[in-house]
Novice: 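I'd like to ask you about the structure that follows.
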Amino acid sequence: MLFKSLVVALAATLVTAVPSLEVKGTDFVNPDTGKKFQIVGIAYQPGGSAGYDPKTGKDPLSHADTCLRDAALMQVIGVNTIRVYNLDPYINHDECASIFNAAGIYMIIDVNSPLVGEAITSFEPWTSYYAAYLNHTFAVVEAFSNYPNTLLYFSGNEVINNLDSAKDVPPYLRAVTRDIKNYIKKNIKRAIPVGYSAADVRDVLWDTWNYMQCAEKGEDDDMSRVDIFALNSYSWCGPKATYESSTFKELTDKFKATSVPVFFSEYGCNTPQPRYWNETLAIYGDKMTPVFSGGVVYQWTEEENNYGLVEVKDDTLTIMDDYNRLKARWAGIDWKTVQAQSPSNKKASPPECESNLILEKGFHSNFTLPDLPPKAQGLIDNGIKPKPSGKIVKVSDYNVKLTVKDKSGKTLSDLKVVPLKDDEFNWAGKNKAETGSASNSDNSTGGGDNGKSKDKDSAAFLSRPMMWAVALPLAVMMIFA
């Protein structure tokens, strides 16, 4: 399935940095080079849930100066993708999207938010699946689909997080995926893939993967089937963890059977601290890259959960040791080789959606999906109104205006985004600004293939940031049923 960048009429001075990409079988592929694309990502939600407030016109991509500062710092370490969780489709995002595009950075967009009426709930999902909810998801799609660096949409994030939620949620997730894909097919000028971001919880992970990737018998283009499958994984913890002692080897071995691209939509266990990012050497190493398409580090800004790479107070950003340790790890990776690998080219036929595909007792095993809510078909057929529409705009100045300090408190000068050439995406070395170094950044790389396997499910589950796993209040049912 193609999701080539939309050709738009722009002035010659504008930069269209990111190349068009395709999903072919189990890989993202750059059609110009024929090589597999690896996601080198950062989760981007400045301010946490408080950073999204539609009442005040505030979301992570609404302030150009902030985006310029963050894009420059991300460009230095080699980020090529951000994942953004909570967005107001009716805020103007043109400047931020254009800045990240010029920096060679794609955007993964979640269509849901924690607000009532803007997400499918993990319990009694039928109470949150209605036309107004779909109107919101379609509005997000409309707002971001004109940006050439919009890489994909997530129809849900950790909505299935245990067996209790697995009893009723699965068909609603496939229904939302179906509805978004049908809306894109009917109303959007380019095909953009739709995926799901799963919880790496063993009781539900493999059944979730099979439930979301399978196809109905005889359906060559099953619209309820995900185009992408991703997982939030926090099993590689501490400097002594390895490919085997974490769950990474198990994940790689089992996902060899995938029929869609797979990547880490979140990773970066922070217990114990500090983080040395040894897992990134495995993620972009020769054992995992044939199966996985990279990953997204959790997360950019320091919040109460202590996962940040940078700390922001008022308008001043301070670079943390985690940023520089990650910078050091990524600087040791041969990105030209990583991004020049050939795709698998395997046929990738999906499994058939049958009840015997589901192995865990208690996981929903019926593949009959709910019908569209009343009035929702009209939204798909005619498009939503009002219809937000983003566009790439000229960025007049790429110099960072906000204050950035290194770990020692020194203010950095001459920090800026380096606009890339047409059909380029970012990797380490394209922006060579100096951002300092971290203490203990020369920690032993670990990350080898030695070590005895251990069951880390319990610790990983407790350490993960389950941003969306908590069900919305019972008031949802009372108000919207």
Side-chain angles (χ1 to χ4, degrees), residues 54 85-89 109-143 153-187 194-199 204 207-208 211-214 216 222-229 353 358 362-385 466-481:
Y85 297 83
N86 310 326
L87 291 158
D88 182 348
I109 304 296
D110 284 73
V111 301
N112 299 287
S113 91
L115 297 185
V116 172
E118 296 184 4
I120 290 293
T121 53
S122 292
F123 73 105
E124 298 185 349
W126 54 89
T127 66
S128 54
Y129 180 62
Y130 47 87
Y133 160 68
L134 290 177
N135 193 97
H136 170 80
T137 68
F138 298 159
V140 174
V141 169
E142 287 281 7
Y153 296 110
F154 278 139
S155 58
N157 180 76
E158 296 196 6
V159 191
I160 303 171
N161 50 70
N162 54 32
L163 276 175
D164 284 342
S165 57
K167 290 188 297 185
D168 297 311
V169 167
Y172 287 88
L173 281 180
R174 280 193 69 122
V176 174
T177 302
R178 170 200 67 195
D179 301 342
I180 295 173
K181 289 175 68 173
N182 279 327
Y183 189 92
I184 290 172
K185 183 176 182 180
K186 183 76 173 181
N187 297 280
V194 180
Y196 176 66
S197 174
V204 295
D207 284 339
T208 301
Y211 196 97
M212 298 304 290
Q213 71 156 337
C214 71
E216 290 291 337
D222 188 334
M223 295 299 281
S224 67
R225 175 178 179 257
V226 292
D227 303 310
I228 310 290
F229 188 84
C353 292
I358 305 304
F363 196 104
H364 192 96
S365 60
N366 187 295
F367 293 90
T368 300
L369 306 186
D371 293 332
L372 274 168
K375 300 183 180 179
Q377 188 63 56
L379 299 177
I380 294 175
D381 291 342
N382 304 314
I384 63 167
K385 296 178 182 179
M466 302 284 281
M467 292 178 59
W468 305 43
V470 180
L472 294 175
L474 187 62
V476 174
M477 180 179 68
M478 298 173 63
I479 296 171
F480 296 108

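FYI, side chains are in, hydrogens and waters are out, and symmetry mates aren't considered; it's all heavy atoms of this structure.
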Novice: What are the two closest non-hydrogen atoms of Ser197 and Asn157, and how far apart are they?
Specialist: OG-OD1, 2.9 Å

Novice: Would you indicate whether the side-chain heavy atoms of Thr137 and Val141 approach each other to under 4.5 Å?
Specialist: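 No, side chains not in contact.
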
Novice: Say you draw a straight line from NE2 of His136 to CG of Leu115; how long is it, rounded to the nearest 0.5 Å?
Specialist: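 So the gap between those two atoms works out to 8.0 Å.
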
Novice: Could you walk me through whether Leu134 and Leu372 pass the side-chain contact (heavy atoms from CB on, under 4.5 Å) test, one step at a time?
Specialist: CA-CA 10 Å; Leu134 290 177; Leu372 274 168; 4.0 Å; yes

Novice: Is there a side-chain contact (heavy atoms from CB on, under 4.5 Å) between Thr208 and Phe229? Walk through the geometry before answering.
Specialist: CA-CA 10 Å; Thr208 301; Phe229 188 84; 4.1 Å; yes

Novice: Residues in side chain to side chain contact (heavy atoms under 4.5 Å, CB included) with Ala175, at least two apart?
Specialist: Tyr129, Arg178, Pro370

Novice: Kindly write out the residues that satisfy side-chain hydrogen bond (donor to acceptor under 3.5 Å, both in side chains) with Tyr183, not counting sequence neighbours, or none if the list is empty.
Specialist: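 Testing Tyr183 for side-chain hydrogen bond (donor to acceptor under 3.5 Å, both in side chains), a comparison that skips the adjacent residues, returns Glu142.
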
Novice: Quick one: do Val194 and Val226 satisfy side-chain contact (heavy atoms from CB on, under 4.5 Å)? Show the steps, please.
Specialist: CA-CA 6 Å; Val194 180; Val226 292; over 6 Å; no

Novice: For Asp179, is there an ion pair with Arg174 - N to carboxylate O distance below 4.0 angstrom?
Specialist: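 No, this pair does not count.
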
Novice: Rounded to the nearest 0.5 Å, what separates atom OG in Ser155 from atom CD1 in Ile228?
Specialist: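 Here the rounded value is 11.5 Å.
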
Novice: Does any N or O in the side chain of Asp222 come within less than 3.5 Å of the main-chain N or O of Glu216, such that one atom is a donor and the other an acceptor?
Specialist: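 At least one qualifying donor-acceptor pair exists.
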
Novice: For the residue pair Thr121 and Ser128, confirm or rule out a side-chain donor-acceptor distance under 3.5 Å.
Specialist: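 Their side chains do contain a donor-acceptor pair, which is all the 3.5 Å distance test asks for.
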
Novice: Do Leu173 and Val159 come close enough that some side-chain heavy atom pair is under 4.5 Å?
Specialist: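 Yes; the side chains approach each other to less than 4.5 Å.
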
Novice: Between Tyr133 and Asn112, do the side chains contain a donor N or O and an acceptor N or O under 3.5 Å apart?
Specialist: yes

Novice: Measure across Gly117 and Tyr130 and return the closest heavy-atom pair with its distance rounded to 0.1 Å.
Specialist: CA-OH, 3.1 Å

Novice: Do Asn161 and Val204 have side-chain heavy atoms sitting under 4.5 Å apart?
Specialist: no

Novice: Does Tyr153 reach the side chain of Ile184, with side-chain heavy atoms less than 4.5 Å apart?
Specialist: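 Yes, at least one pair of side-chain atoms sits under 4.5 Å.
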
Novice: For Lys167 versus Gly362, what's the shortest heavy-atom pair and its separation?
Specialist: CG-O, 3.4 Å

Novice: Side-chain contact test, heavy atoms from C-beta onward, threshold under 4.5 Å: evaluate it for Phe138 versus Ile380 and give yes or no.
Specialist: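 Phe138 reaches Ile380 side chain to side chain.
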
Novice: Is there a side-chain contact between Arg225 and Cys214, using heavy atoms and a 4.5 Å cut-off?
Specialist: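 No - every pair of side-chain heavy atoms lies 4.5 Å or more apart.
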
Novice: Could you tell me the separation between the CD1 atom of Ile120 and the OG atom of Ser122, rounded to the nearest 0.5 Å?
Specialist: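 Ile120 CD1 to Ser122 OG: 10.0 Å, rounded to 0.5 Å.
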
Novice: Going by atom types alone, do Ser113 and Asn86 pair a side-chain donor with an acceptor below 3.5 Å?
Specialist: no

Novice: Just so I know, are the side chains of Ser224 and Phe367 near enough to count as touching, which here means a heavy-atom distance under 4.5 Å?
Specialist: no

Novice: For atom CG of Asn366, decide whether the heavy atoms of other residues, nucleotides or ligands shown that lie under 6.0 angstrom number more than 12.
Specialist: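 Yes, enclosed.
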
Novice: Quick check for you: to the nearest 0.5 Å, what is the distance between Ile160 atom CD1 and Asp168 atom CG?
Specialist: 10.5 Å

Novice: Flag the pair Met212 / Tyr196 as yes when at least one side-chain heavy-atom distance between them is below 4.5 Å, and no otherwise.
Specialist: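 A side-chain contact under 4.5 Å exists here.
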
Novice: May I have the step-by-step check of side-chain contact (heavy atoms from CB on, under 4.5 Å) for Ile358 and Tyr211, ending in yes or no?
Specialist: CA-CA 7 Å; Ile358 305 304; Tyr211 196 97; 4.0 Å; yes

Novice: Measuring from Gln377:CD to Asp371:CG, what's the distance to the nearest 0.5 Å?
Specialist: 10.5 Å

